2 protein chains.
Amino acid sequence: MAQKVKLSTIGESLGVSTATVSLALRDSPLVAEATREKVKAHALEMGYIYNRRAASLRTSKSGILGVVVHDIMNPFYGEILRAIEMELDRSRQTFILSNHYDRVEKQRDFLETLMQLGADGVIMSPAIDTPASDMELLQKNGLPTVLIARSVPEVDLPVFRGDDKFGISLATNHLISLGHKRIAMIGGTDKTSTGRDRYEGYVEAMHKAGLEVKDEWRIVGPRTKAAGFEAAGQFLALPDKPTAAVCWNDLAAIGLMSGIARAGLRPGIDISVTGYDDLEEASIATPALTTVHNGQPEVGRLAARAMLDRIEGKHSAHGELTLIKPELHIRQSTSKVVERL
Amino acid sequence: MAQKVKLSTIGESLGVSTATVSLALRDSPLVAEATREKVKAHALEMGYIYNRRAASLRTSKSGILGVVVHDIMNPFYGEILRAIEMELDRSRQTFILSNHYDRVEKQRDFLETLMQLGADGVIMSPAIDTPASDMELLQKNGLPTVLIARSVPEVDLPVFRGDDKFGISLATNHLISLGHKRIAMIGGTDKTSTGRDRYEGYVEAMHKAGLEVKDEWRIVGPRTKAAGFEAAGQFLALPDKPTAAVCWNDLAAIGLMSGIARAGLRPGIDISVTGYDDLEEASIATPALTTVHNGQPEVGRLAARAMLDRIEGKHSAHGELTLIKPELHIRQSTSKVVERL
DNA sequence: CTGAAAGCGCTTACAG
DNA sequence: CTGAAAGCGCTTACAG
């Protein structure tokens, strides 16, 4: 590769100062129009590449935004990321991504990297058991932070997520209205706010309807298709044979339906199943999945918007919680109760 | 936030030079052990954050690696990314990700950003119609490049991908051996090397077996579940009623099966379907999908390894093509031919 | 409207 | 083993 072209290279060959070149390239009105155009044409011709590191060192703005989630391969996060990407596309921010796989150390490593790169902010779905001190470190180092999907107890930061308790009650009540009385809850964990809130909402809805909730009817854990698939055996062997399953998310629900079908029963007919999230593939599954719209596009868009506003100094919002209103989408995976023999 | 802690802050409070602090923090043997430990303890205590931009400006190594694919929400790329991430985890490289959605301009923007950030390299699955000049620009600016999944015509760079032509012949021959004679090909496009190679391989296998291939039996396009799902109607209405479908990838195959099931036929029994890629969810689908292992983990691992080697100056490999050997995984979505009425 | 100079926070020869 | 100094490529007051 040839000698690197920099501002001074352009300046010298044009007989102007680097300051002028710098201003011209950034469309400063301080520079005469004729000069500006001459500089720009020359920069293009010489194959000039702007050195962001140098600029960033000087201005302490990096144009980098961090995004951390549990796992980008999970379509729930994928759909949020897509919305973030779209919103950011209009700005000049580059976003850099990381999975934490719910390992606090991996998350910490990435946050440290962001600080080293002088990131302008971070949008994150915090790992399970994230200590408040990790979040405080970000504040101390001036890294604006916005939370998505999950809250961190005792931490005062803007959060964008769905109203889990209300959302799961929609699914549970729908099954109750179809005559189901023995309803199991599959998936999730008490270690996240979503896990706790959704279980609580399910229990409350059952009790309000005067229905019994058995501890054994809760299968803790599944969050993926594979895990939902594997849970089918356990579900079908549950005491008192529940006729329906409220799943913690769509992936577990789709996996569970597949497992039920393998066992020779018909999901949506013999066993009713609800999901949560309304992933794009929920409507494509067979049977199409009855599920709760959890607002991934809104969460991503609003979180990105809030971050951009903060970077642009529009306001320094503190700790408000924005709940997206869930909606029930009824499809073919739920139907009137059929007693199992 | 308090005054920023930098090397000189530590140096001053300890009565040593910034050079010594710098060396000590990087474990240079030039620094006395006692000094090193004193410096490190102090840095930790003062909450020192290493400024990578400054270091990178000086050394022209950024520790940043770019990864560009069509769409990270596609599990095919997700599985490759996971492997890249694992391989990179052991190094100190940060990777930054972008989708190009097969839009050459979006890809170009991101490559420009990488050059601005002084990235150490880029691993990419090039967008459709990527001009050779875009790739040459990278070389001119000293950005090492490794290609995955797709080749770019006329461009001499290392490529890691599956042997598409051979792989699709495994699927096609498997169906032929089950007695299928009218086999359709669903999905893919002539605009990518994978689309061309797989269609060619399918045609060749059919001809070798003395079977006819009709133009109408090719449904160009589907690459996602949604598209595969929608293609089911078209497939079922095809002239001469094919009894089997070779799909361009697993997503299209899974979608197609779902669409076939909705239409009241039984995929795997009434219609045989093969996929391509062997995604993690292929084995979970019902019926479990017969498909071709396309080596995503190997592709990711090898590409990342090649990139790291190049960064570390181990060798400057040029333009060799590494083909991963495909393997047929037979499951429940294929069975002996049943004539359709 | 343009230029000379300082400085962002590191690392790397070089000298001792 | 340690320090003083230069320089990476920008941007930003400041002066004219």
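All values derive from a computational prediction rather than experimental measurement. Proteins come first, then strands; the chains are lettered A, B, ... in the order of their sequence lines, and each starts at number 1.
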Got a salt bridge between D120(A) and R310(A), using NZ or NE/NH1/NH2 to carboxylate O under 4.0 Å? no

Tightest non-hydrogen contact, residues V122(B) and M307(B), listed as O-CE, 3.3 Å

So for atom CE, which belongs to M46(A), do other residues, nucleotides or ligands contribute more than 12 heavy atoms lying within a distance under 6.0 Å? yes

What is the separation between atom CD1 on I10(B) and atom C1' on dG9(C), rounded to the nearest whole Å? 12 Å

Could I get the full list of side chain to side chain contact (heavy atoms under 4.5 Å, CB included) partners for L137(A), not counting sequence neighbours? M115(A), N141(A)

Tell me every residue that passes side chain to side chain contact (heavy atoms under 4.5 Å, CB included) with A43(B), counting only those two or more places apart in sequence or in another chain. I10(B), L25(B), Y48(B)

Sidechain N-carboxylate O distance under 4.0 Å for D102(A), K191(A): no

Test: E87(B) and R301(B) ion pair at under 4.0 Å: no

Would you mind checking if E33(A) and K38(A) are paired as a salt bridge, meaning a charged N to carboxylate O distance below 4.0 Å? no

If we ignore angles and hydrogens, is there a donor and acceptor under 3.5 Å between the side chains of R52(A) and T94(A)? yes

Please write out each protein N/O paired with an N/O of nucleotides 1-4 of chain C under 3.5 Å, distance rounded to 0.1 Å.
from   : atom 1 : to     : atom 2 : distance (Å)
dT2(C) : OP1    : T35(A) : OG1    : 2.9
dT2(C) : OP2    : A32(A) : N      : 3.1
dT2(C) : OP2    : T35(A) : OG1    : 3.3
dG3(C) : OP2    : S17(A) : N      : 2.9
dG3(C) : OP2    : S17(A) : OG     : 3.2
dG3(C) : OP2    : T20(A) : OG1    : 2.8

Members of residues 40-62 of chain A that approach DNA chain C, where some heavy atom sits under 4.0 Å away: L57(A), R58(A)

What pairs meet the side chain to side chain donor-acceptor pair (under 3.5 Å) rule with one or both residues in residues 5-14 of chain A, with sequence neighbours excluded? S13(A)-H42(A)

Pair assignment for DNA chain D - dot-bracket with | for other-strand partners, Watson-Crick or G-U under 3.5 Å: |||.||||||||.|||

Could you tell me how far apart K6(A) (NZ) and dG9(D) (P) are, to the nearest whole angstrom? 4 Å

Separation of dG9(D) P from Q116(B) CD (nearest whole Å): 15 Å

Nearest whole Å is fine: how far is dG7(C) P from L7(A) CG? 20 Å

